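Here the structure is laid out as structure tokens; the discussion comes afterwards.
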Amino acid sequence: MNLDASKIFRIGIDWLTLYNFEISYNSNLYITEKVTEEFYQENFYLNEPRYTLDTTTRLYENGKETYFRELKFNPNKILNGHNVYNSRADGINQALLILIEELRAKGIDIDLRDAKVRDIEINININKSFEELAEALVLIFINTPHLKKISRHTKNKSFKKMFEDESLYGNYGASLVTAYDKTEESKKLDIEIYITRLEWRFLRKTFNDYAKSKGLDNSLNTLLTNFDSLVDGIFIENTKKKLFQEGIKYLEEFLKPNLEKDFKAFKKANKLGKELGKKEKRGVYRYLEDECWIFDYSFLIELVDKYDKPHKSRESKSILKNFSRHNNLEKLNYMMEFIFNH
């Protein structure tokens, strides 16, 4: 399948949930009823792979009526049959036109002129494998609340290689953030590219509160006519503040100081051991790799420059030869460039 890369590697919407719309239907196929002493309830529920329509009407014995109406849909699946793409404003409009006609064919009419956005999922695909970006991703997720990491079984006979990380989850309550490997899913479409997806789910009042902070509202029409400032804005602001700024703070305040502390402790132990006539231990960098988080080989060179300057040339060559695979500052900068320059 030939896919449009411009629709893969961009910020856009995966799905959204609408409410505050009008609906009428002349089909009883999707209706269930409930009768209690307090109220009569009619629920109309239609669950399709690309969308879900759920409406509930309650009529109380005192004459009061309440309504719950919700339409959740994935515009990418409606338009393309998959969600490797995400959608911008034009794609959402096209998907809604198709959806409205499909519902009408089922005897259901919906009017979305006053519809509002309740929940929304916004993502970006990065053209690198999750495995390659893993350490940089862990860094930016390290301070997210309720952080979870999920791995997949590789079927490798080696215990160390038996599981491979594929997802990170952070939970801010009404804002959920995930980074995961999208490559395997994209292979089903015969796409020979690596994809790592970073996505935010903004639930309940989160999107509405953000729109208000910009002097706007959470109506569907406002979203479509202010797409860059609302959709790109909430995604970039949360990614920058809650992920990258927190990750860099952790790097500067914890990771690098701990690395330096353990480097000095190893050197000090060697010096004391030598004074006591013990054989000098070698392999400080291997020790740090096993016991600490190096993150980037340049941090080792900084330590040599600070504490072992006479041997800097020799040690730097050794570090570059054996630890240059820890080039995660480069990957961190790549992600920032990729996301924030869209």
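Please read these numbers as outputs of a predicted model, since none were measured by experiment. Values below: all heavy atoms of this structure, side chains included; hydrogens, waters and symmetry mates excluded.
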Looking at R204 and D209, is there a salt bridge between them, counting it only when a charged N and a carboxylate O are closer than 4.0 Å?
no
With K242 as the cation and Y172 as the aromatic partner, state whether NZ or CZ is under 6.0 Å from the six-membered ring centre and within 45° of the axis.
yes
In this structure, NZ of K249 is separated from CG of N143 (nearest 0.5 Å) by 7.5 Å
How long is the gap from CG on L332 to CD on E135, to the nearest 0.5 Å?
11.5 Å
Would a single hydrophobic cluster contain both I98 and I100, if residues Ile, Leu, Val, Met, Phe, Trp and Tyr are joined by side-chain heavy-atom contacts under 4.5 Å?
yes
Just so I know, are the side chains of L176 and Y169 near enough to count as touching, which here means a heavy-atom distance under 4.5 Å?
no
Can you establish whether the number of heavy atoms outside Y194 located under 6.0 Å from its atom OH is more than 12?
no
Distance-minimising heavy-atom pair for I339 and I124
CA-CD1, 4.1 Å
With a 4.5 Å heavy-atom cut-off, do F141 and L198 have their side chains touching?
yes
Flag, side chain of T206 to backbone of A174, donor-acceptor distance under 3.5 Å
yes
Spell out, yes or no, whether L112 and Y67 are grouped together once hydrophobic residues are joined by side-chain heavy atoms under 4.5 Å, including indirect joins.
no
Is a side-chain donor or acceptor of N218 paired with a backbone partner of K116 at a separation under 3.5 angstrom?
no
For A95 and I78, work out which heavy atoms get closest and say how close.
O-CG2, 3.8 Å
With distance as the sole test, does S167 use its side chain to make a donor-acceptor pair with the main-chain N or O of Y180 at under 3.5 Å?
no
For the residue pair L103 and L46, establish whether any side-chain heavy-atom pair is separated by less than 4.5 Å.
yes
More than 12 non-hydrogen atoms from neighbouring residues, nucleotides or ligands closer than 6.0 Å to CG on D114, yes or no?
no
With under 30° as parallel and over 60° as perpendicular, where do the rings of F202 and W200 fit, or are they tilted in between?
parallel
Within the structure provided, determine whether L300 and H326 are in side-chain contact (heavy-atom separation under 4.5 Å).
no
Counting only N and O atoms by type, is there a donor-acceptor contact under 3.5 Å from the side chain of N43 to the main-chain atoms of T32?
no
Output for pair (I294 CD1, R286 CZ), nearest 0.5 Å, gives 8.5 Å
Run the numbers on K309 and D305 for salt bridge (charged side-chain N to carboxylate O under 4.0 Å, His left out), then give the verdict.
CA-CA 5 Å; K309 194 178 286 287; D305 183 60; 2.8 Å; yes
Exceeds 12 heavy-atom contacts within 6.0 angstrom, atom CD of E131:
no
So, taking the atom named NZ in K34 and the one named CZ in R58, what distance separates them when rounded to the nearest 0.5 Å?
6.0 Å
Shared hydrophobic cluster for L16 and L203 (ILVMFWY, side-chain gaps under 4.5 Å):
no
So, taking the atom named NZ in K240 and the one named CD1 in I248, what distance separates them when rounded to the nearest 0.5 Å?
10.5 Å
Run the numbers on L220 and F21 for side-chain contact (heavy atoms from CB on, under 4.5 Å), then give the verdict.
CA-CA 10 Å; L220 175 62; F21 56 87; over 6 Å; no
Over all heavy atoms of both residues, which pair between F295 and L329 is shortest? Give the atoms and the distance, please.
CE2-N, 3.9 Å
For D4, is there any backbone N or O sitting under 3.5 Å from a side-chain donor or acceptor partner on Y85?
yes
Minimum heavy-atom separation for L137 to A179, with atom names?
CD2-CB, 4.1 Å
For the residue pair N221 and S219, confirm or rule out a side-chain donor-acceptor distance under 3.5 Å.
no
Is there a path of hydrophobic side-chain contacts, each under 4.5 Å between heavy atoms of I/L/V/M/F/W/Y residues, joining F44 to L71?
yes
Start with the C-alpha gap between W293 and L259, add the side-chain angles, then the distance that decides, and say whether side-chain contact (heavy atoms from CB on, under 4.5 Å) holds.
CA-CA 7 Å; W293 189 4; L259 193 66; over 6 Å; no
Do Y19 and L216 share a hydrophobic cluster, counting only Ile, Leu, Val, Met, Phe, Trp and Tyr and linking them when any side-chain heavy atoms are less than 4.5 Å apart?
no
Can you check whether E260 reaches Y307 side chain to side chain, under 4.5 Å on heavy atoms?
yes
With salt bridge (charged side-chain N to carboxylate O under 4.0 Å, His left out) as the criterion, how do E22 and R69 come out once you've worked through the C-alpha distance, each side chain's angles and the decisive distance to 0.1 Å?
CA-CA 8 Å; E22 297 298 321; R69 292 167 183 168; 3.6 Å; yes
Do F266 and E291 have side chains that get closer than 4.5 Å, going by heavy atoms?
no
Any donor-acceptor pair under 3.5 Å linking the side chain of N74 with the backbone of K77?
yes
Worked verdict on E289 versus R325 for salt bridge (charged side-chain N to carboxylate O under 4.0 Å, His left out)
CA-CA 12 Å; E289 186 176 44; R325 65 185 179 279; 2.4 Å; yes
Derivation and outcome, salt bridge (charged side-chain N to carboxylate O under 4.0 Å, His left out), residues K256 and D296
CA-CA 10 Å; K256 291 183 71 175; D296 198 86; over 6 Å; no
List the steps and the verdict of side-chain contact (heavy atoms from CB on, under 4.5 Å) for F299 and E302.
CA-CA 5 Å; F299 299 163; E302 288 177 14; 4.1 Å; yes
State, with a plain yes or no, whether a side-chain heavy atom of F338 is found less than 4.5 Å away from one of N127.
yes
Does any non-hydrogen side-chain atom of F227 lie less than 4.5 Å from one of I92?
yes
Among residues at least two apart in sequence or on other chains, which ones pass side-chain contact (heavy atoms from CB on, under 4.5 Å) with E33?
I31, Y40, E42
Tell me whether T239 contacts the main-chain N or O of I236 through its side chain, where contact means a donor paired with an acceptor under 3.5 Å.
no
Which residue pairs satisfy the ring pair (Phe, Tyr, Trp, His ring centres under 6.0 Å) criterion with at least one member in residues 239-261, sequence neighbours excluded?
F244-F340, Y250-F254
Short N-O contact, E199 and K182, less than 4.0 angstrom
no
Does the R10 side chain pair with the main chain of N86, one donor and one acceptor, at a distance under 3.5 Å?
yes
Without swapping roles, check the side chain of D109 against the backbone of S24 for a donor-acceptor pair under 3.5 Å.
no
Under 3.5 Å, side chain of R197 to main-chain N/O of T178, donor-acceptor pair present?
no
Step by step, work out the side-chain contact (heavy atoms from CB on, under 4.5 Å) result for W15 and D119.
CA-CA 8 Å; W15 57 260; D119 307 324; 3.8 Å; yes
Of all the heavy-atom pairs spanning F235 and I11, show the shortest one and how long it is.
CD2-CD1, 3.9 Å
Residues P75 and G91: closest non-hydrogen pair is CB-O, 4.4 Å
Nearest 0.5 Å, please: how far is CG in L147 from CD1 in I142?
6.5 Å
